[in-house]
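Quick note on labels: first sequence line is chain A, next is B, and so on, each numbered from 1.
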Amino acid sequence: MNSDATENTAAPMDRHSELNPPQRDAVTTLSGPLLVLAGAGTGKTRVITARTAELIRSGIAADRILCVTFTNKAAREMQGRIAAQLGGGRRAQKPWVSTFHSLCVRILRQEITALGYPLTFSICDRRDQESIARTALRDIRVGDKTMRPGDLVNRISRWKSAGVTPDTATAHTENDLDFLSAVAFRKYQIALKTSAAVDFDDLLLLTNQLFCEFPDVLSRQQQRFDHVLVDEYQDTNTSQFQIIESLVREHDNLCVVGDDDQSIYGWRGAEVEHILGFQSHFPGAKVVRLEDNYRCTAEILDLANRLVRHNRGRHDKKLIPHKTSGEAVRFAEFPDEVSEAENVVREIKYLVNELEVSIGDIAILFRTNEQPRLFETELRRSKLNYILMGGQSFFDRREIRDMLAYLKAIAQPKDEVSLLRIINTPARGIGNSTVEKLLERSVRQRAGMWDVIPVAIAQKEISAKAGAALGKFQQLLNRYREQFQRAPHDMARIAHQLMDEIDYEGEIQKQYKDPQQQIMRSEMLDQFIESINEYVKRSDHPSLAGYLEDAALEGRDEESDQEKELEQNALKLMTLHSAKGLEFPRVYMVGMEENLLPHRRSIDGDDSQIAEERRLAYVGITRAKDHLTLCRAASRKKFGKSRPSLPSRFLFEMRSDSESAIAT
DNA sequence: AAGGAGGGTTTTTTT
DNA sequence: AACCCTCCTT
């Protein structure tokens, strides 16, 4: 009805004096452990930033304050908000705002070098992990049971974040699957080690290990920070908890902010127990509850409250709406997923073109990454601007991964994962059989790939031709290694030269027949060179390893102003997971069906997994400020086949009254 | 060794 | 429907 997007009617809280009483309480409690239980839309990030600013005003040096976030995006945003809070005069003062992983890398780099060891590991990203997992699983099979690499990586990640090693994992197997994964876990760890690589979880584990084994390292790090603040505390896993606990042990000046109802990362090792048990971990902790919601209309909030009431074992809180009522939440049903996309997009087109709704105010949220495709097609057809957030990132594209693998193999000669990726891309006469033989020998001799080549040639295991190709390839890598070392400021140019020398463009022409694809891929490569350029510009001591580290931790580098503008004028397509922490005037939650939300794989699991899916739905609903539409399709295609799709159980739970809630 | 055809598998969520 | 893997031909 109301055609123009409702402006920020919310939260009169930008000024400190306009904080509501509990918020002010949280902001001005400056020492000791503090738990801020903040429901959705209650201004929790604002409390963190205001509190940080308050600490600085009270005389704490900014660089003795550490704010920890989970994503780089959140870190950047927080940095900006704190700067805004402090105003111009204190612009020079910047607290440390960092993700767990960047924090750990910084600590490791600093301290390991200080201990006199060379720091030469490379960081594996998710794709690398999966490819290691794939080889680890290759000849492991129990009966006909096999495991997908992605599942293994998740399992290993959960183990690692809980401090489980391959040894302890093997000791506690209860079934074949456990045993299978424990064996693969060991192989995975060995592969990482021989590649001189660490994964994301190792960064945290190594930091903890460093703290345990070198007390002076720990105390040095403890003395760096007088205050630590953690956002989204419900998502901390055990190693993250340990790091935080170690850092604040001496002074307990720890402020954590979170909402147990928004814990949606249990599958990767997050433990709600950390937020539920905060007061027993940190005796004497003060607890502040923020229950005044300034974001959602009463109708939206009512729905969210009703849904989440079906979960047990939560801090009971009730969000109080502070917005005048809006329109009713809408429920829509369509015959199939194509029609769902068509209709949602048609409505959006109408809103934007006829009612002058700003397209940047609209978001479509979904459970899985396969869902947005249809919406993309429809949006493009309707000539509506959109961005797919968090999807296939820049560094996930095949050509970028290939180039990165080159750089990694150059930076770290031991990195066999990267080496294997590019050893014959573009084709240079080193075929599968050659690689197989080398791999086999390297496992047998427990030596690196490069080390076994001379023997393999001497034994006539591989052809002279392949041997020559290998020699030439090694020379290429060595030559570039030297060049990158000699002129790190020239990295972008050297990388470009490398690309030309291996004729990667030619490879693209060969691989993709479609000329449009070819153009797009080439553009990607240009952007890749550009991203190196930007790295060199912003860093004091650029190095190849430094660039690769950034690429692994940051994903895409900071958005330019241009991109920010683009983002503002585009509809957002994103998963429920990546929507956490954001808000939009208009939200469409699509695919509200059994097997999708809750997802099939959590239905098969235990109750706690359904509860997590329920929280996911809760997160989605509470992203909406004014308008919310919940959509479902009566049938949906899966693996190319159309099958009937039932409405999500959550739809019934939201609409029914408390009886069923009590029954659970 | 390279390229292409055909067959089988896949889709949770992410720092 | 898209992707990956394997096998087959050259």
Of A:Gln609 and A:Arg428, the one whose closest nucleotide on DNA chain B sits nearer the 5' end is A:Arg428

Looking at B:dT15 and A:Phe70: do their rings stack (centroid distance under 5.5 Å, interplanar angle under 30°)?
no

Residues 466-475 of chain A, side-chain donor-acceptor partners within the protein, below 3.5 Å, at least two apart:
none

If I pick the C1' atom on C:dC4 and the same atom on B:dT13, what distance separates them, to the nearest angstrom?
23 Å

Does a side-chain N or O of A:Thr434 approach OP1 or OP2 of B:dA1 to a distance below 4.0 Å, or not?
yes

For a salt bridge (Lys or Arg N to Asp or Glu O under 4.0 Å) check, start with the C-alpha distance between A:Glu376 and A:Arg373, then their side-chain angles and the critical distance, and finish with the verdict.
CA-CA 5 Å; A:Glu376 285 193 90; A:Arg373 283 203 190 159; over 6 Å; no

Closest to side chain of A:Arg398, choosing from C:dC4, B:dA1, B:dT15:
C:dC4

Answer yes or no: does atom CZ of A:Arg600 have more than 12 heavy-atom neighbours from other residues, nucleotides or ligands under 6.0 Å?
no

Examine B:dA1: is either OP1 or OP2 under 4.0 Å from a nitrogen or oxygen in the side chain of A:Asn424? Give yes or no.
no

So does A:Arg636 pair up with A:Glu593, basic N to acidic O under 4.0 Å?
yes

Choose from C:dC4, B:dT13, B:dA2 the nucleotide whose nearest atom is closest to any side-chain atom of A:Asn154.
B:dT13

Using the test salt bridge (charged side-chain N to carboxylate O under 4.0 Å, His left out), find all partners of A:Arg314 that sit at least two apart in sequence or belong to another chain.
A:Asp261, A:Asp316

With the side chain of A:Arg134 defined as its heavy atoms from C-beta on, choose the nearest nucleotide among C:dA2, B:dT14, C:dC5.
C:dC5

Is the distance between the ring centroids of A:His577 and A:Tyr265 under 6.0 Å?
yes

Atom pairs, protein N/O to nucleotides 4-11 of chain B N/O, distance under 3.5 Å:
| unit_1 | atom_1 | unit_2 | atom_2 | d |
| --- | --- | --- | --- | --- |
| B:dT11 | O2 | A:Glu370 | OE1 | 2.7 |
| B:dT11 | O2 | A:Glu370 | OE2 | 2.8 |
| B:dT11 | N3 | A:Glu370 | OE2 | 3.2 |

Is there a side-chain contact between A:Thr575 and the phosphate of B:dT14, meaning an N or O under 4.0 Å from OP1 or OP2?
yes

